[in-house]
Number of protein chains: 2
Amino acid sequence: MAENAASRRRRTKDAEVDDLGGCAADDQFVVRALCRGLRVLALFNVDHPEWSLNELARTTKLHKATTYRMTRTMEAEGFLVFDPDTGNYHLGPALIPLSYLAQTQAELERLAKPFLEKLARESGETANLAIEVEGTFIMIASVLTAHTFKPSLPIGRVLTDLNNAHAKLAVAMKPPAERAQFLSRQPVAETKYSLVDRKQIEAELDRVAQEGVAYDMEEHGLGVCSVAAPVFGPNGTLIATISVVGPKERFGPDERKRATEHVKRIAVELSEYLGYRPV
Amino acid sequence: MAENAASRRRRTKDAEVDDLGGCAADDQFVVRALCRGLRVLALFNVDHPEWSLNELARTTKLHKATTYRMTRTMEAEGFLVFDPDTGNYHLGPALIPLSYLAQTQAELERLAKPFLEKLARESGETANLAIEVEGTFIMIASVLTAHTFKPSLPIGRVLTDLNNAHAKLAVAMKPPAERAQFLSRQPVAETKYSLVDRKQIEAELDRVAQEGVAYDMEEHGLGVCSVAAPVFGPNGTLIATISVVGPKERFGPDERKRATEHVKRIAVELSEYLGYRPV
DNA sequence: ACACCTGTTGCACTAAGCGATACAGAAATG
DNA sequence: CATTTCTGTATCGCTTAGTGCAACAGGTGT
């Protein structure tokens with residue numbers, strides 16, 4: 001099944017809008033009309049959920065008549081809905097099923113995979129991705145490397161305490177009320193390095209929130225260290241955390257600094273790939 | 001702003017796929033290429049999250065070469081991603097921002113509004129829509145009618161107990177564990193008709209779950225009755241509940257039966273509009 | 001009354017998208 | 001191991017289908 005398709009270009013991110021009618025993104029194998037229509041559609045987001053015809057035409061630099069046909073087509077297909085009261089277009093029902101799929105764990109994992117691979121490759125350590133679901137943190141993807149010392153955290157592993165970089169990071173970024181809720185749980189001392197003092201933990205979370213990076217220095221398991229950075233969604237909410245895990249032997253000050261830079265950079269790249277636009 | 005656009009067709013649901021290449025859904029103002037592309041895109045959903053080129057071509061009855069160009073275009077625009085390992089296409093990152101928007105309260109409200117209006121018109125009573133958020137039920141849309149007796153439940157009103165049709169319905173459809181969690185809350189007797197006996201409540205919920213309709217016979221407020229029916233999303237999960245509210249004078253056996261039929265029918269229509277496909 | 005917004009059409013030109021056909025590599029067939 | 005049959009990819013004329021222009025219609029504001 002892989003066939004010669006395996007030789008397919010795995011696009012990085014070149015894609016920069018070329019103003020004039022041309023849509024020849026990278027191949028000549030693009031159908032212009034579809035391309036233009038999709039560009040119109042892609043303008044809709046939480047920050048700008050409704051558009052008038054002229055707005056669309058103006059910002060896409062397409063002819064008004066052309067844009068009109070696009071919107072009518074998308075309307076006919078249920079991708080857009082025209083609101084006669086306001087004269088604006090909104091997303092239509094056809095996008096609901098797609099949105100349910102897009103927000104699936106599996107889809108996030110798929111989209112994130114290449115970035116995890118890159119992270120693992122560049123850092124030389126295991127890369128992980130975790131999401132929060134109802135107050136717990138679940139490892140949903142992991143990419144190992146050549147010198148993986150041990151399988152660290154298995155996929156599907158549920159993290160309920162704060163002895164790991166993923167949970168620390170996510171909890172640190174929450175509003176005070178929710179953070180307090182987490183802190184009300186009894187801390188578990190998994191290793192002798194685990195933080196148990198409430199004050200100490202709070203200080204650590206403050207540091208994490210400020211720096212935007214969380215560390216796990218053998219707090220979850222002896223000899224195991226990690227760094228985690230946040231992945232944001234289109235509306236700026238935290239949708240996942242990614243980390244690099246390694247043995248303490250390869251987590252000295254210098255290596256730790258390098259790992260931190262790697263994780264942070266990839267987290268930003270992934271966030272942007274997923275539609276996050278920093279303010 | 002409303003202008004002549006106000007005279008725009010408010011489509012009902014005619015849209016039936018016309019097999020042959022033609023995409024002339026209802027106007028001549030459709031761009032065929034875009035239309036076809038969207039139809040390809042719309043095939044992706046939770047039940048069938050990945051498609052191969054030939055699958056797409058086959059089920060859309062488009063030429064393989066055409067489909068190829070479509071997928072390549074959508075890939076270039078980030079709407080699809082080709083996985084070289086499996087040889088299948090998946091949804092791409094461009095859909096993430098859209099999906100975040102599509103799952104907004106505001107968008108649901110927009111899409112549901114016409115249905116609520118229809119429900120209010122046909123039943124002659126006030127129509128409401130509520131969603132659940134973290135264990136409570138919030139009224140997010142309401143359409144009044146000529147003989148609205150009083151403003152019933154205001155928009156934004158939070159319902160925490162089971163003395164209303166929305167909460168009853170939603171709780172009744174939950175798995176036993178979650179239902180039990182709700183039942184552990186102390187019941188509040190808002191009126192003399194409120195159910196307070198645990199056994200009685202359970203029996204009522206069982207009935208609701210079986211019939212797929214919940215009633216509120218003056219349990220929340222004296223003289224106020226209502227019927228609620230469930231709205232399902234693409235993956236079959238409950239995403240909202242809609243209801244009809246009226247004074248007890250207009251809620252005799254016959255009227256109640258008619259109202260029930262109205263609510264149920266509109267609930268089904270809205271569910272299907274939102275992508276729910278009944279098994 | 002005007003100018004200036006909207007969204008909506010009709011029409012003629014031509015490039016853009018189409019389908020047939022062919023090809024390469026992988027996998028399943030025997 | 002040859003055969004068949006999948007898969008995705010590429011080429012190339014034909015003609016249709018999509019485009020841009022320019023005009024139109026109804027609303028708003030001044």
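Values reported hereafter were calculated over all heavy atoms of this structure, with side chains retained and with hydrogens, waters and symmetry mates removed.
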Side chain of [X], heavy atoms from C-beta onward: which of [options] has the nearest atom to it?
X: B/His63; options: C/dC18, C/dT21, D/dT19; value: C/dT21
X: B/Arg58; options: D/dT19, D/dA10, D/dT7; value: D/dT7
X: A/Arg72; options: C/dT8, D/dA10, C/dG19; value: C/dT8

Below the 4.0 Å mark, does [N] have OP1 or OP2 next to a side-chain nitrogen or oxygen of [X]?
X: B/Arg36; N: C/dC18; value: yes
X: A/Tyr68; N: C/dG7; value: no
X: B/Arg32; N: D/dA17; value: yes
X: A/Asn54; N: C/dG7; value: yes

Any side-chain heavy-atom pair of A/Thr126 and A/Val244 under 4.5 Å: no

Pairing pattern in dot-bracket form [Watson-Crick, G-U; both distances under 3.5 Å; | = partner strand] for DNA chain C: ..||||||||||||||||||||||||||.|

Closest nucleotide of DNA chain C for A/Ala33 versus for A/Thr71: which of these residues is on the 5' side? A/Thr71

On DNA chain C, does the nearest nucleotide to A/Leu34 precede the nearest nucleotide to A/Trp51 from the 5' side, or the other way round? Give the residue. A/Trp51

Check for a donor-acceptor pair, side chain of [X] on one end and backbone N or O of [Y] on the other, with a separation under 3.5 Å.
X: A/Thr66; Y: A/Leu62; result: no
X: A/Thr104; Y: A/Ala106; result: no
X: B/Thr67; Y: B/His63; result: yes

Which is more 5' along DNA chain D, the nucleotide nearest B/Arg69 or the one nearest B/Lys64? Just name the residue. B/Lys64

Does a salt bridge link B/Glu117 with B/Lys113, judged by any charged N lying under 4.0 Å from a carboxylate O? no

Salt bridge check, A/Glu77 against B/Arg39: does any charged N sit closer than 4.0 Å to a carboxylate O? yes

[N] [atom2] sits how many Å from [X] [atom1], rounded?
X: B/Phe82; N: D/dT7; atom1: CZ; atom2: P; result: 12 Å
X: A/Glu55; N: C/dC5; atom1: CD; atom2: P; result: 14 Å
X: A/Met70; N: C/dG7; atom1: CE; atom2: P; result: 16 Å
X: A/Leu62; N: D/dC21; atom1: CG; atom2: C1'; result: 15 Å

Residue pair B/Ser52, B/Asn54: steps toward the side-chain hydrogen bond (donor to acceptor under 3.5 Å, both in side chains) verdict: CA-CA 6 Å; B/Ser52 76; B/Asn54 284 301; 5.3 Å; no

